[in-house]
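Note that these values count all heavy atoms, side chains included, but never hydrogens, waters or copies made by symmetry. Please read all numbers here as calculations on a predicted model, not as lab measurements.
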Amino acid sequence: MRLGHRHFRLAPRVTIRYRGWLLCAGALTLLFLPWGMRAQANKPTEFEVKAAYLFNFGKFVKWPVSAGSGRDTFSICVLGSDPFGAVLDSTVSGEQIDGKKVIVRRVNAAPEATSCRILFVGKSEEARLSSIVSTLGRSPVLTVSDISGFADHEGMIQFVMDSDRVRFQVNLAATQKAGLTLSSELLKVATAIKGQSGE
């Protein structure tokens with residue numbers, strides 16, 4: 001499985017407008033294409049990009065078999081403040097991961113998120129991060145947020161901005177604790193990997 005721009009992509013409805021938006025440079029860093037060559041109106045917004053990342057993370061993470069047992073959908077959930085609006089829903093509309101229909105759910109509390117595959121934690125939940133992590137425990141849920149320091153507090157993937165580009169950091173120990181396996185191709189393009197053996 002390669003993590004190039006052909007595979008790590010926006011969903012079809014968004015791809016029509018933003019085809020070729022990502023480039024895997026030297027298989028080490030995930031960068032945006034030079035948007036100065038395009039009309040400003042064609043540049044995706046920060047949260048269109050983050051929505052696309054959430055969808056694509058699902059293709060480069062392996063969940064334990066028990067995570068999908070008895071379910072015919074792949075849930076991407078949002079807890080707390082929702083910065084996406086309709087963008088996340090339109091990004092995953094009609095898509096499948098591992099043969100399961102991708103859906104978006106908004107949840108009001110951490111206990112509701114234990115059945116999610118991916119959980120985006122909104123900034124309104126910053127003061128409750130410890131409680132959220134504790135509630136999820138070893139549940140096989142990939143937690144993602146753009147809260148500052150998220151990956152340092154047992155969050156699994158933290159969005160960071162780098163020269164106006166959306167990038168991400170990974171807490172490998174947190175993913176392993178939950179029984180999740182991240183593709184080496186995904187790890188190659190992370191700006192930082194925390195919680196590695198010997199760190």
Side-chain angles (χ1 to χ4, degrees), residues 8 10-11 13-14 30 44-61 63-64 67-68 71 73-93 95 97 100-162 164-180 182 186 190-195:
F8 201 96
L10 293 168
R13 294 191 180 193
V14 185
L30 193 64
T45 67
E46 174 186 344
F47 288 101
E48 285 171 332
V49 173
K50 289 179 178 179
Y53 266 117
L54 287 177
F55 168 65
N56 281 286
F57 286 152
K59 301 176 182 179
F60 295 92
V61 176
W63 279 262
R71 301 189 184 98
T73 57
F74 184 106
S75 298
I76 298 177
C77 301
V78 179
L79 172 63
S81 55
D82 181 359
F84 298 103
V87 169
L88 183 55
D89 300 82
S90 62
T91 298
V92 307
S93 178
E95 292 293 323
I97 294 177
K100 298 179 184 294
K101 179 181 178 181
V102 182
I103 63 171
V104 177
R105 293 170 47 206
R106 275 80 183 180
V107 296
N108 297 314
E112 298 177 48
T114 55
S115 62
C116 302
R117 291 293 193 96
I118 299 174
L119 175 67
F120 179 85
V121 182
K123 289 187 175 180
S124 64
E125 306 307 295
E126 184 170 5
R128 290 180 284 275
L129 282 183
S130 294
S131 175
I132 292 168
V133 170
S134 176
T135 299
L136 292 176
R138 295 180 180 273
S139 299
V141 180
L142 181 74
T143 56
V144 185
S145 184
D146 51 12
I147 294 173
S148 179
F150 184 69
D152 294 318
H153 294 84
E154 296 192 62
M156 298 179 189
I157 297 182
Q158 178 188 334
F159 287 129
V160 294
M161 298 302 294
D162 180 8
D164 294 325
R165 295 187 177 101
V166 179
R167 308 291 295 282
F168 62 90
Q169 301 175 348
V170 170
N171 183 321
L172 195 59
T175 63
Q176 293 172 340
K177 179 180 177 181
L180 307 182
L182 274 58
L186 182 65
T191 60
I193 301 176
K194 303 172 184 292

*Nearest non-hydrogen partners of G80 and S124, listed with the distance*: CA-OG, 3.4 Å
_Distance (rounded to the nearest 0.5 Å) between N171 CG and E154 CD_ = 7.0 Å
*Under 3.5 Å, is there a donor-acceptor pair between the side chain of T143 and the main chain of M156?*
yes
*Student check: side-chain heavy atoms of F84 and L54 closer than 4.5 Å*: yes
*State, yes or no, whether a side-chain contact exists between T175 and V61 at a heavy-atom distance under 4.5 Å.*
no
*Answer yes or no: is there a donor N or O on one side and an acceptor on the other, between the side chain of T191 and the main chain of F168, under 3.5 Å?*
yes
*asked:* I want to check something: taking the side chain as every heavy atom from C-beta on, are P83 and E46 in contact at a cut-off of under 4.5 Å?
replied: no
_Audit row: R105, S115, side chain to side chain contact (heavy atoms under 4.5 Å, CB included) steps and yes/no_ = CA-CA 11 Å; R105 293 170 47 206; S115 62; 3.1 Å; yes
_Contact check, side chains of I76 and F120, non-hydrogen atoms, under 4.5 Å_ = no
*Check A190 against V170 and note the closest heavy-atom contact, atom names and distance.*
CB-CG2, 3.9 Å
*Under a 4.5 Å cut-off applied to non-hydrogen side-chain atoms, are D146 and F47 in contact?*
yes
*First locate atom CD1 of I157, then atom CG of L142, and finally report the distance between them rounded to the nearest 0.5 Å.*
4.5 Å
*Can you check whether V102's main-chain N or O pairs, donor with acceptor, with E95's side chain at less than 3.5 Å?*
no
_Quick check: closest heavy atoms across A113 and V107, and the distance to 0.1 Å?_
CB-CG2, 4.4 Å
*When rounded to the nearest 0.5 angstrom, what is the spacing between OG1 in T91 and OH in Y53?*
13.5 Å
*Shortest non-hydrogen contact from A173 to G195?*
CB-O, 3.4 Å
*asked:* What's the separation between atom CD in E126 and atom CZ in R128, rounded to the nearest 0.5 Å?
replied: 10.5 Å
*Could you go step by step and tell me if F55 and I97 meet the side chain to side chain contact (heavy atoms under 4.5 Å, CB included) rule?*
CA-CA 9 Å; F55 168 65; I97 294 177; 4.1 Å; yes
Side-chain donor-acceptor distances from residues 129-140 under 3.5 Å, at least two apart:
unit_1	atom_1	unit_2	atom_2	d
T135	OG1	S131	O	2.8
R138	NH1	K177	O	3.3
S139	OG	L136	O	2.7

*Please name all residues satisfying side-chain hydrogen bond (donor to acceptor under 3.5 Å, both in side chains) with R106, sequence neighbours left out, ordered by chain then number.*
D82, D89
*Is any side-chain heavy atom of M161 closer than 4.5 Å to a side-chain heavy atom of V166?*
yes
*asked:* To the nearest 0.5 Å, what is the distance between CD1 on I103 and CG on L88?
replied: 11.0 Å
*Minimum-distance pair of heavy atoms, taken over all atoms of I147 and G122*: CD1-O, 3.4 Å
*Closest heavy-atom contact between L119 and L79?*
CD1-CB, 3.7 Å
*Listed by chain and number, what are the ring pair (Phe, Tyr, Trp, His ring centres under 6.0 Å) partners of F150, not counting sequence neighbours?*
none
*Are the side chain of R117 and the backbone N or O of W63 linked by a donor-acceptor pair below 3.5 Å?*
no
